[in-house]
Amino acid sequence: MNAPVLKLNRVSRHYREGDARLDILVDADLALEAGQTVALIAPSGAGKSTLLHIAGLLERPDEGEVSIKNAPTSGMSDDERTRLRRVAIGFVYQFHHLLPEFTALENVVLPQIIAGLDRKIAADRAQQLLDYLRLGARADHRPAELSGGEQQRVAIARAVANGPDLLLADEPTGNLDPRTSEHVFDTLLRLARGSGLAALVATHNLDLAKQMDRRVTLRDGQLIEIE
Ligand SMILES: Nc1ncnc2c1ncn2[C@@H]1O[C@H](COP(=O)(O)OP(=O)(O)OP(=O)(O)O)[C@@H](O)[C@H]1O
C-alpha cells in the first residue's frame with residue numbers, strides 16, 4: 001500500500017490565553033490516502049483551522065510529526081516547508097481570496113508561474129482546469145463578474161493548479177447557498193476522485209459531509225472517526 005499523502009502522528013498544539021492554557025490538539029492522529037475525501041466536522045472553536053494550518057505546514061505543532069507523502073516535516077527548515085507546501089498542498093478558504101484585478105484564468109495561471117512554469121504551458125493548463133470545472137466560458141471574467149459559486153470554483157482551480165497531492169479546505173461552502181454549495185462540493189469530489197487528490201475539508205454541512213469517504217471530528221483534542 002502507498003504511503004498516506006498526509007499523516008499526523010501524535011500531534012499536539014496548545015495556545016496560551018492569559019494564565020489559561022488551551023489544549024487544542026492532544027496527540028491527534030490522522031492518515032489520508034491518495035484520492036480520499038475526508039470531512040472535518042467540529043463545533044466553532046474546536047480547532048479545525050488550527051488542524052488545517054498544521055496539516056498545511058503553515059504552523060508547527062508543539063509536539064508530534066506531520067508527514068507529507070512519507071516525508072517527516074518537523075526537521076525541515078521554514079524554507080523547505082514552504083517549498084514542499086508549494087508543490088504538494090493546495091488551500092481553499094471560506095472566502096475565495098482571488099485577486100480582483102486579474103481574470104479567472106490569470107488567477108489560475110499565477111501560482112504556476114510562481115512555481116516556475118512557462119507562461120504558455122501555465123495558461124493551457126489553467127484553461128483545461130477551468131474547462132474541467134465547467135468554467136471555461138468564464139475564463140476571461142474578473143472575480144467581481146462571477147457568482148459566488150463560480151468564484152469558489154475558480155479558487156479550487158487555483159488551489160490545484162500546481163497539481164498538489166493534498167487539498168485542504170476551510171469551510172469552502174460557508175458563504176454559499178445550499179444549491180451552490182452542492183455544486184462546489186461536487187467539483188471538489190470530482191477532482192479528488194478523478195485525479196487521486198486527497199482532500200480534508202472542514203465543513204458544518206452534514207449533508208455534504210455524508211458524500212465524502214470519511215468523516216472525522218475533534219474531541220478532547222483528538223481526531224475521531226464518526227459515521
Ligand atoms: N494564535 C492563537 N493564539 C491563541 N489562541 C488561539 C490562536 N489561534 C486559535 N486560538 C484559539 O484556539 C481555538 C481553536 O481555534 P480554531 O480557529 O482552530 O477553531 P475552529 O474550529 O477553526 O473554529 P471556527 O469554526 O470558528 O473557525 C479557539 O478557542 C481560538 O480562540
Side-chain angles (χ1 to χ4, degrees), residues 5-32 36-68 73-74 76-78 81-82 85 88-98 148-149 151-152 155-156 158-159 164 166-178 180-182 184-185 188-189 192 198-227:
V5 172
L6 168 70
K7 190 167 194 314
L8 305 186
N9 189 18
R10 304 195 63 139
V11 163
S12 298
R13 181 77 174 116
H14 68 268
Y15 296 117
R16 296 224 156 265
E17 214 174 47
D19 287 341
R21 177 185 154 120
L22 298 174
D23 284 304
I24 305 299
L25 300 174
V26 183
D27 289 336
D29 290 324
L30 181 70
L32 239 83
Q36 212 170 45
T37 56
V38 179
L40 172 60
I41 312 157
S44 182
K48 299 182 295 296
S49 301
T50 302
L51 178 78
L52 292 172
H53 288 165
I54 286 177
L57 311 180
L58 291 166
E59 200 176 314
R60 288 181 188 265
D62 298 312
E63 284 163 62
E65 186 62 85
V66 178
S67 300
I68 305 290
T73 59
S74 61
M76 292 184 183
S77 67
D78 287 345
R81 287 162 58 92
T82 300
R85 184 186 322 117
I89 305 173
F91 290 89
V92 179
Y93 297 95
Q94 181 167 356
F95 183 70
H96 58 76
H97 295 299
L98 296 170
Q151 290 168 348
Q152 205 52 327
I156 292 171
R158 178 188 52 184
L166 174 64
L167 184 73
L168 300 171
D170 202 349
E171 302 272 355
T173 60
N175 268 328
L176 306 174
D177 63 67
T180 312
S181 297
E182 181 95 29
V184 168
F185 234 74
L188 268 176
L189 294 182
L200 179 60
V201 181
T203 181
H204 287 295
N205 189 325
L206 297 180
D207 290 336
L208 297 179
K210 283 209 178 84
Q211 299 172 31
M212 303 183 70
D213 298 326
R214 290 163 55 197
R215 285 145 293 284
V216 297
T217 191
L218 275 163
R219 203 167 293 154
D220 299 327
Q222 309 224 320
L223 281 159
I224 319 257
E225 303 275 337
I226 51 178
E227 273 309 302

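Values reported hereafter were calculated over all heavy atoms of this structure, with side chains retained and with hydrogens, waters and symmetry mates removed. Each ligand, and each atom within it, is numbered from 1 in the order the structure gives.
More than 12 heavy-atom neighbours from other residues, nucleotides or ligands sit within 6.0 angstrom of CG on D177. The 12-atom threshold is exceeded at CD of Q222, counting heavy atoms of other residues, nucleotides or ligands nearer than 6.0 Å.
Near ligand 1, Y15, I24, P43, S44, G45, A46, G47, K48, S49, T50 each place a heavy atom less than 4.0 angstrom from the ligand.
Here R13 pairs with E59, D62 under the salt bridge (charged side-chain N to carboxylate O under 4.0 Å, His left out) rule; sequence neighbours left out. A search for ring pair (Phe, Tyr, Trp, His ring centres under 6.0 Å) contacts involving F95 returns H97, not counting sequence neighbours.
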For a quick test of your reading: what N or O donor-acceptor pairs under 3.5 Å do the side chains of residues 199-207 make, sequence neighbours left out?
unit_1: T203; atom_1: OG1; unit_2: N205; atom_2: N; d: 2.9
unit_1: H204; atom_1: NE2; unit_2: E171; atom_2: OE2; d: 2.9
unit_1: N205; atom_1: OD1; unit_2: D207; atom_2: N; d: 3.1
unit_1: N205; atom_1: OD1; unit_2: L208; atom_2: N; d: 3.1

* Assess whether side-chain contact (heavy atoms from CB on, under 4.5 Å) is satisfied between D170 and V92, documenting all intermediate values. => CA-CA 6 Å; D170 202 349; V92 179; over 6 Å; no
